[in-house]
Structures are given as structure tokens and as C-alpha cells.
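Numbering starts at 1 and runs along the sequence shown.
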Amino acid sequence: MTLQEPARFGPLPRPVRRSLLAALDGVVRADPGKLGDVAAWREPWKRLGERIHPHEYPRWPRAADVFAVARGEKRAPSFAARVEARLASGDAAGAARAATGAPGLLFRSLDRLLRGAPDAEHAVLEAAESVAHRVSGRVLLSVREHLLNRAEATGRVRVFANRHGRGVTAPDTRAPLDPGTVARLAAFLDAEIRGRLPSFGHLVVDPDALGIALPLSGKAAGHGLGVLPRGSVSPVSGELLRFFVHWRQRERSTDFDLSALMLDENYLDPEWLSYTNLSTAGGRHSGDITDAPEGASEFIDLSLRRLGRRFVVPQVNIYSGEGFEEVEESFFGFMLRDGAQKGRPFEARTVRMKSELRGPGRVALPMVFMRGDDGRWRAKWMHLHLKGGVVFNRVEGNRVTTSMLVRGIVERRFLTVGHLKDLGIAEKTTLWNGTAPDGPVTYIGLDRPEGLHPDSRVFTPENLGDLIPA
């Protein structure tokens, strides 16, 4: 049982009450600041107090304090409230010292603390360094990724995504951080992360895996075959790029529309392929399907060589019918085809790379294809949704919002496998060249290659989260 969902507390035997009160007393004795967490769940605590009768057990006064706070008889400001009070008075150093009681909160607040009082930067960093050993590896890596995007904040777009993948943007109006402070904190974080990782011995990395973003949040990745976390970059090469959507309705007639929004280097001058515009320079749409009782697919072919735009954003719009959570099945995928495949039948179910389309939004933005300054194309995973309308969603109606989200994802730097490799976490590091070394290795790649020593450790997108230290 947790306090996150409404709970009904039945009668509790006296031995159970004694055990609970003794445990509560021990928790508060060890860390009085925990009382600050009670107010967030005031009502459940009061209901529990009615069953546990803390007034009958004076030998556990700290447990009684928990219920006094819940009833409003005793004041116990939370860590966040204490930090906010000090920040409001301009005492950034004091706010950092107060937050050491909640190390995760301190590290998530570092940017604000460092901006709050430039003259207190040294004190803030000292406070953070003193409790870093109590912070989870996932939080350390998240802060390290955050620093990658704070060197040049002017003009950037910030992207916020909730646990369902719904994305919104906002201009980044924060003042830049001092470069020296960023460098010190980045070096410290790298050292802390390096110290928590085990020895990898001989590390072998597939070059195509260097751009995979570390899965620092469960909301950053979709599900499917060959799907990578949000922010991951993969090379794209071939004569013809084809992406597609497949769906099968459950009860109601359902119309999914596959579209492609194409943008210039400034994320402007939109052009699109959709059922309203079946062909344009370098691209062709397969045509509109408005009902899928047995399953249906739409696809778009693009000639990368002929395409003059910088960004291509495939999207799936729900025009009518069931949502992504309601249909029997739905997924998006892409593949590269060459001239020899022209005229061959296309079956979406047989493609090895496909991402499930799930979420409460009515417009899905799985990824963006980008042409670099070197002329080469790459794909960057987005895993975002737009709320959209209940019906009649079209690419023409969301092009402004989509272009802002694309800019935010494209310009954001993500912490990748390449960063871990560069930390020097192995005695020897080589890139995979198709030939397996003789002895056991630690291999990171998109798939497990043949010929590796049976004692080798292998990390692929399916278990990449195991690389994140505790």
C-alpha cells in the first residue's frame, strides 16, 4: 500500500500499531526533516492516525509529531519550502546548505541556485560536492546532460515532455551560467560517474551506437523493434527513404493520416506531403485510407538525393475514430530502399524497425530526419505527442507547433553512449570493425554480433539502462 492512491485503513491490532509507531519514531529520529513531507499527504496521514492512536504511546513522541503535523498542530516546512525561503531572502549559499538534507533536490536545483547569487557559486558547489555520494546515478547523469545545454542558452527553445510524451515548448530566458563554474561541475560529475561504473576491461563499441542517448527517464523511449530513446541519433543512408504507419481499428471506423512536414535550416518555409498533397519535389504519398477493420498502412517515399530541405518530420494525425490507446494495434516505422526493390510488395508487419504508437495525444511525432552540413542524413528520435483536436487533425494545422518541438529536440544535446566511452571507463577501448576479439569484452551496439567470446557482456538498446550506475 502507498499513500499515492486513496487508501482505506481497517482496524489495526495493537501489536501492528506498536510496530508502525516504533518505525515512524525511528524514521523521524534519524532525519527530523522527513516531517516536512507529511503535509503533502495530510489527509491519508490523518486517517491513519485515527486507526493507530498515537496518543496512547507516549514513548514514541516523534511518531506523534507526524500526526500533529498532519492535523496542523505543528509546523514542519518541507525541504523545498526551506530552500525557497532562503532563496527569497537572497541567501543562495544558505539555500544550498538547507538542501543538503535532500541531495536529489539540491542537484535538481543547482542551475537556479548558481544563477541566484553569482558570488555564492563556490559555496553552492561545495554543498553539492559534499553530498554527491548520496545522489542516484540517474540524477547525476541528468544534471550532466543539463550542463551540455547551458553553455549557450540565448535563443534556444526548451522542450518539456510529460510521462505520456506530450511535448510543449518555451523560449529559454535563463541567464547563462559562468563557464568556469560549468566546467568545474562537469568535471566533478564525470569523475563521480566514472567512479561508480565497474571496470569494463576491453570495451568494444559499434560506431552506429555512439549516438544512442542514455535512457535517463522511462518517458524518453517508445516500445517496439529497433526503437531508441529520445534524442538518439542514427545514420541514414540509401537511395530511397520510406516511412509508414500501420493501424488496425478495434470497434469504430478509424482514419490515421501519415504526413511529412519539411522545413528549411531555420525551421521555416514549411512544405508537406499528406493526403491533401500526394507528391512534391523528391517525395510521394501512397494515398489516403479511411477505414482499417483488417489493418491498413500508408507510406511516404522520399528521394534523399533530390530533397532540398534540411529537416523532414514524419507525423501521424488521427483524423477520426479511435485514439492511439484505443486501436487494436498501431505502429510507425521507416526503412531504406534501393532501386532494386522498386515494384516489390511492401508489408509493414515485416519491417524490423517499428515503434508502437501509444499515448493520449491525437498527433504523434516519432522522429525527425536531419541533413547535416556534410550532406549526410541522420535520424533523431523524438517520441512526442501533440494534444491535437478530437477529430480532423491535419499537418497543415500543427506545423508551427511541430516546427518548434523539432527545433527544441534537434538543438538539444543529449548524453550518449559516446560520452560514456570518452570517460575512460575501460582499460582498452576500440570501435567494432566486424571482427570479434579473441577474449571476453564488454560490447555496446545495436545488436549482438556473432563471434563474441561467450563470457562477453553485451549491451544493446534493450538493456542499455543497465549501464546507468546506482
Original post:
Going by distance alone, is a donor N or O of one side chain under 3.5 Å from an acceptor N or O of the other, for Asn398 and Gln315?
Top reply: yes

Original post:
Can you find a side-chain donor-acceptor pair between Asp438 and His453 that sits under 3.5 Å?
Top reply: no

Original post:
So, Asn463 side chain and Val458 main chain: donor-acceptor pair closer than 3.5 Å or not?
Top reply: yes

Subject >> Val204 side chain reached by Pro437 side chain, heavy atoms, under 4.5 Å >> reply: yes

Original post:
Taking the six-membered ring for Trp, are Trp381 and His383 parallel (under 30°), tilted (30 to 60°) or perpendicular (over 60°)?
Top reply: parallel

Subject >> Glu129, Glu126, Glu121 screened by salt bridge (Lys or Arg N to Asp or Glu O under 4.0 Å) with Arg184, the one that passes >> reply: Glu129

Subject >> Approximate separation, where rounding is to 0.5 Å, of Leu114 CG and Asp178 CG >> reply: 9.0 Å

Original post:
How about Tyr319 and Arg362: does a side-chain donor come under 3.5 Å of a side-chain acceptor?
Top reply: no

**OP:** Would you confirm whether Ser320, through its side chain, and Thr254, through its main-chain N or O, come within 3.5 Å as a donor-acceptor pair?
**Re:** no

Original post:
Looking at Met382 and Ile409, what are the two nearest heavy atoms and their distance?
Top reply: CG-CG2, 4.0 Å

Original post:
Taking the six-membered ring for Trp, are Phe369 and Trp377 ring centroids under 6.0 Å apart?
Top reply: no

**OP:** Examine Arg71 relative to Phe67 and say whether NZ or CZ is less than 6.0 Å from the centre of the six-membered ring and inside a 45° cone about the ring axis.
**Re:** no

Original post:
Are there more than 12 heavy atoms of other residues, nucleotides or ligands under 6.0 Å from atom CZ of Arg134?
Top reply: yes

Original post:
Taking the side chain as C-beta and beyond, is there a heavy-atom pair between Leu423 and Ile193 under 4.5 Å?
Top reply: yes

**OP:** Please list, chain by chain and in numerical order, all residues satisfying side chain to side chain donor-acceptor pair (under 3.5 Å) with Arg51, sequence neighbours excluded.
**Re:** none

Original post:
Which heavy atom in Val410 sits nearest to a heavy atom in Met370, and how many Å separate them?
Top reply: CG2-SD, 3.8 Å

**OP:** Without swapping roles, check the side chain of Glu329 against the backbone of Arg248 for a donor-acceptor pair under 3.5 Å.
**Re:** no

**OP:** Kindly give the heavy-atom pair with the smallest separation between Ser259 and Val395, and that separation in Å.
**Re:** CB-CB, 3.8 Å

**OP:** Answer yes or no: is there a side-chain heavy-atom contact under 4.5 Å between Val143 and Leu140?
**Re:** no

**OP:** Identify the heavy atoms of Gly167 and Leu405 that sit nearest to each other, and give their distance.
**Re:** C-CD2, 3.8 Å

Subject >> Arg29/Asp25 ion pair, N-O < 4.0 Å >> reply: yes

Subject >> N/O donor-acceptor pair under 3.5 Å between Arg156 side chain and Glu411 backbone >> reply: yes

Subject >> Geometric class of the Phe332/Phe243 ring pair [parallel <30°, tilted 30-60°, perpendicular >60°] >> reply: tilted

Original post:
Charged N to carboxylate O below 4.0 Å: is that the case for Arg252 and Glu326?
Top reply: yes

Original post:
Would you say the ring centroid of Phe334 lies under 6.0 angstrom from that of Phe244?
Top reply: no

**OP:** With sequence neighbours left out, write down each residue that passes side chain to side chain donor-acceptor pair (under 3.5 Å) with Thr430, or none if nothing qualifies.
**Re:** His202

Original post:
Considering only heavy atoms from C-beta outward, does the side chain of Glu427 approach that of Ser199 to under 4.5 Å?
Top reply: yes

**OP:** Measure the acute angle between the ring planes of Trp247 and Phe256, then classify it against the limits of 30° and 60° as parallel, tilted or perpendicular.
**Re:** parallel

Original post:
Taking everything shown except Arg194 itself, do over 12 heavy atoms lie less than 6.0 Å from its CZ?
Top reply: yes

Subject >> Lys380, NZ: over 12 other non-hydrogen atoms inside 6.0 angstrom >> reply: yes

**OP:** Identify the heavy atoms of Ser403 and Leu263 that sit nearest to each other, and give their distance.
**Re:** CB-CD1, 3.8 Å

Original post:
Is the backbone N or O of Gly359 less than 3.5 Å from a side-chain atom of Arg166, with the two atoms forming a donor-acceptor pair by type?
Top reply: no

Original post:
Within a radius of less than 6.0 Å around NZ of Lys46, do more than 12 heavy atoms belonging to other residues, nucleotides or ligands occur?
Top reply: yes

